[in-house]
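Since the structure is predicted, the reported quantities are computational estimates derived from the model, not experimental observations.
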Amino acid sequence: MLGAGFDPVTVERGLRLGADVIAIDAGSTDSGPHYLGAAEPKTADGAVRRDLRILLHAAHEGGIPLIVGSCGTSGTDSGVQRVSGIVREICAQDGLRLAVSEIYSEQSPADLIARLDAGRIQPLAPLGPLDAATIGRCSHIVGMMGHEPIAHAIAAGAQVVLAGRATDTALAAAVPLMRGMPAGPTWHAAKVVECGGQCTTNPRAGGVLARIDEDGFTIEPLDPEAECTPTSVAAHMLYETANPFTMREPAGTLQVGDARYTAVDHRTVRVQGSRFEPADQHTIKLEGSAVTGYETMSFVGIRDPRILASIDEWAALLRKLLAERVESTLGLAESAWQADLRLYGHNAILDELERETTAPREVGVMLLVSASTQELATAISKVANPLLLHLPLPDMAYLPSLAFAFSPAHIDRGASYEFVLNHVVEVDDPLELFHIDIDLPEAS
């Protein structure tokens with residue numbers, strides 16, 4: 001991922017091995033709806049600038065395209081502009097003459113409502129039919145492009161493509177498909193390379209190089225100490241897929257049930273037998289994030305052995321007393337607010353699935369209050385403060401002192417977002433939802 005860092009030597013090795021394109025992802029929905037809702041990047045500008053400088057010089061030296069997808073983490077228009085600004089700054093400072101294209105993927109609510117009324121938006125499970133009100137609630141909506149807008153920009157002369165929200169695979173598939181490579185091996189190779197070293201024996205080892213031909217593809221790590229094995233390559237179809245044998249793209253479905261994975265040597269794998277089935281209807285997936293309320297967080301540590309021996313009882317008592325005190329002091333029923341209580345060190349992650357039953361040595365208690373306004377969430381958190389500091393169990397003859405992690409004891413987290421769209425738009429043209437700008441450098 002752009003901004004996550006990599007060894008420049010691996011990029012140099014990729015050029016020496018004859019790479020035709022550099023593809024790198026800059027975003028994801030993995031970190032939740034905030035980054036789309038607030039249109040904020042997850043990565044630091046300094047880290048993005050460091051990675052981009054290496055890649056821009058490599059693209060310039062090799063005379064090959066550099067494709068960056070899902071700019072700014074969520075692919076919003078401001079995310080594309082942010083990365084574009086860094087690219088142009090580097091090019092100006094380092095004297096690089098590169099044709100840059102921005103592809104914008106943010107969607108107009110009015111346009112989507114018109115498409116909804118025309119019956120061209122369909123739900124993906126588990127969501128049901130969409131309504132205009134849900135579209136209107138979204139602070140930002142992006143469409144997830146396939147390879148077509150990227151290929152269009154390159155064909156028009158762009159050497160650096162900065163795309164909004166895109167499928168991870170589209171970045172690596174665009175150039176091979178433009179060169180006439182078969183869709184099955186191309187999409188499968190693109191899926192395997194999407195997370196770089198994750199398809200190797202050392203997931204931290206940086207990038208990989210895929211060679212695609214008429215009959216399949218071959219893949220190897222760019223780090224000489226890492227290895228690709230049939231298992232490590234095949235296993236990547238288990239990653240972020242509902243079915244390890246299929247993967248849906250806007251243009252169709254990759255089928256790898258008949259794929260064969262063969263070790264060429266101790267670090268290189270050959271894959272054959274992948275197929276791609278074109279869809280009857282091209283679709284673009286929508287991602288939309290909406291404000292659901294405002295949050296305030298408190299965090300306190302417990303080492304009292306008596307409480308830890310009955311930590312579930314203590315947590316239930318805290319929830320009960322907090323609800324009672326919020327109603328008596330603020331006049332709020334439980335339906336008007338929410339509180340997420342997590343006991344870190346005791347089932348905070350697995351909850352009822354946790355099988356370990358030994359008493360913890362210490363527990364960190366996170367109370368996350370959600371309400372319709374920040375002021376209300378903070379007020380509820382302040383009501384909880386004395387309970388988090390000194391709440392005893394009913395049979396305790398003393399008042400325990402628990403340890404707040406910071407002062408003040410609460411942190412206002414601001415707006416809370418959730419993904420409210422899991423739908424696809426039917427389109428007649430794979431480019432119609434995306435705006436493409438290309439800045440060709442003037443001839444010297």
Knowing that exactly one of I302, L322, L402, L318 qualifies, which makes a side chain to side chain contact (heavy atoms under 4.5 Å, CB included) with L388? L318
Could you tell me which residues satisfy salt bridge (charged side-chain N to carboxylate O under 4.0 Å, His left out) with R260, sequence neighbours excluded, listed by chain and number? none
Give a yes or no answer on whether the side chain of T200 reaches the backbone of G197 with a donor-acceptor pair at less than 3.5 Å. yes
Taking the six-membered ring for Trp, are H34 and Y417 parallel (under 30°), tilted (30 to 60°) or perpendicular (over 60°)? perpendicular
Could you check if a side-chain atom of T169 sits within less than 4.5 angstrom of a side-chain atom of E249, using non-hydrogen atoms only? yes
When you measure from the side chain of R13 to the backbone of L17, do you find a donor-acceptor pair of N or O atoms at a distance under 3.5 Å? no
When rounded to the nearest 0.5 angstrom, what is the spacing between CG in L55 and NE2 in H60? 14.5 Å
When rounded to the nearest 0.5 angstrom, what is the spacing between SG in C228 and CZ in R270? 14.0 Å
Would you compute the distance between atom CD of E148 and atom CG of L431 and round it to the nearest 0.5 angstrom? 7.0 Å
For M181 and L177, run side chain to side chain contact (heavy atoms under 4.5 Å, CB included): C-alpha distance rounded to whole Å, both residues' side-chain angles, the deciding distance at 0.1 Å, then the answer. CA-CA 5 Å; M181 293 297 98; L177 290 173; 5.7 Å; no
Distance-only, no hydrogens or angles: does the K191 side chain make a donor-acceptor pair with backbone N or O of Y239 under 3.5 Å? yes
Would the W314 and H346 ring centres measure less than 6.0 Å apart? no
Let me confirm one number: the CD1-NE2 distance from I103 to H435, rounded to the nearest 0.5 Å. 10.5 Å
Here the pair of heavy atoms bringing Y261 nearest to M237 is OH-CG, 4.4 Å
Could you check whether any side-chain heavy atom of I380 comes within less than 4.5 Å of a side-chain heavy atom of T296, counting everything from C-beta outward? no
Indicate yes or no for a side-chain donor-acceptor contact from S289 to the backbone of P33 under 3.5 Å, with no hydrogens or angles considered. yes
Please check if the number of heavy atoms outside Q198 that lie under 6.0 Å from its CD is greater than 12. yes
Where is the tightest heavy-atom contact between D168 and E194, given as atom of each residue plus distance? CB-OE1, 3.0 Å
Considering only heavy atoms from C-beta outward, does the side chain of M297 approach that of H410 to under 4.5 Å? no
With a 4.5 Å cut-off on side-chain heavy atoms, are T253 and F276 touching? no
Of the non-hydrogen atoms in G37 and S139, which two are nearest, and what is the gap between them? O-OG, 2.8 Å
Check whether any side-chain heavy atom of V365 lies under 4.5 Å from a side-chain heavy atom of V363, and answer yes or no. yes
Does the side chain of Y104 come within less than 4.5 Å of F434's, by heavy atoms? no
Backbone N or O of G32 within a donor-acceptor pair of the T29 side chain at under 3.5 Å? no
Test your reading of the model: is there a side-chain donor-acceptor pair from T73 to the backbone of P41, 3.5 Å cut-off? no
Output, in order, the C-alpha distance, side-chain angles, deciding distance and verdict of salt bridge (Lys or Arg N to Asp or Glu O under 4.0 Å) for D77 and R165. CA-CA 9 Å; D77 290 357; R165 189 69 172 114; over 6 Å; no
I would like to know whether F217 and V192 meet side chain to side chain contact (heavy atoms under 4.5 Å, CB included); could you show each step before the answer? CA-CA 11 Å; F217 68 94; V192 174; 4.1 Å; yes
Any chance you could lay out the side chain to side chain contact (heavy atoms under 4.5 Å, CB included) test for L222 and V11, step after step, and finish with the verdict? CA-CA 7 Å; L222 291 176; V11 180; over 6 Å; no
Could you please spell out the steps behind the side chain to side chain contact (heavy atoms under 4.5 Å, CB included) verdict for E61 and L15? CA-CA 9 Å; E61 177 187 342; L15 289 182; 4.0 Å; yes
If the threshold is 4.0 Å, N to carboxylate O, is there a salt bridge linking E334 and R319? no
For R115, is there an ion pair with E432 - N to carboxylate O distance below 4.0 angstrom? yes
May I have all residue pairs that pass salt bridge (Lys or Arg N to Asp or Glu O under 4.0 Å) and include part of residues 345-355, sequence neighbours excluded? none
Taking all heavy atoms of V48 and all of T43, pick out the closest pair and write down the distance. CG2-OG1, 3.4 Å
What's the verdict on side-chain hydrogen bond (donor to acceptor under 3.5 Å, both in side chains) for S274 and Q255, showing C-alpha distance, side-chain angles and the deciding distance? CA-CA 6 Å; S274 314; Q255 300 282 355; over 6 Å; no
Rounded to the nearest 0.5 Å, how far apart are CG of L286 and CD1 of I121? 5.5 Å
Above 12 or not: heavy atoms from other molecules or residues under 6.0 Å from CZ of R413? no
Are R82 and D45 close enough for a salt bridge, meaning some N to O gap below 4.0 Å? yes
Test side-chain hydrogen bond (donor to acceptor under 3.5 Å, both in side chains) applied to H423 and Q122, step by step: CA-CA 6 Å; H423 299 76; Q122 309 302 331; over 6 Å; no
Backbone N/O of V424 and side chain of T283: donor-acceptor pair under 3.5 Å: no
Mind checking salt bridge (charged side-chain N to carboxylate O under 4.0 Å, His left out) for E240 and listing every partner two or more places apart, or none if nothing turns up? none
Exercise: identify the closest heavy-atom pair between H147 and A170: N-CB, 3.5 Å
Option from R53, R49, R88 for which salt bridge (Lys or Arg N to Asp or Glu O under 4.0 Å) with D94 holds: R53
Test your reading of the model: is there a side-chain donor-acceptor pair from D437 to the backbone of E102, 3.5 Å cut-off? no
Shortest non-hydrogen contact between G157 and A99, atoms and distance: O-CB, 3.3 Å
SB check R204 D223 (cutoff 4.0 Å): no
Just by distance, do the side chain of E295 and the backbone of A415 share a donor-acceptor pair under 3.5 Å? no
Going by an N to O cut-off under 4.0 Å, is there a salt bridge joining R342 and D340? yes
Have a look at E220 and tell me which of T268, V208, D265 forms a side chain to side chain contact (heavy atoms under 4.5 Å, CB included) with it. T268
Just wondering, more than 12 heavy atoms not from I349 lying within 6.0 Å of its CD1? no
Salt bridge between R211 and D20, side-chain N to carboxylate O under 4.0 Å? no
Test: R50 cationic atom under 6.0 Å from F6 six-membered ring centre, within 45° of axis: yes
Would a distance-only check, ignoring hydrogens and angles, find a side-chain to backbone donor-acceptor pair under 3.5 Å from D213 to G216? yes
So do I67 and V175 actually touch side chain to side chain, heavy atoms under 4.5 Å? yes
Please walk me through it: do T231 and T229 pass side-chain hydrogen bond (donor to acceptor under 3.5 Å, both in side chains)? CA-CA 5 Å; T231 297; T229 69; 4.7 Å; no
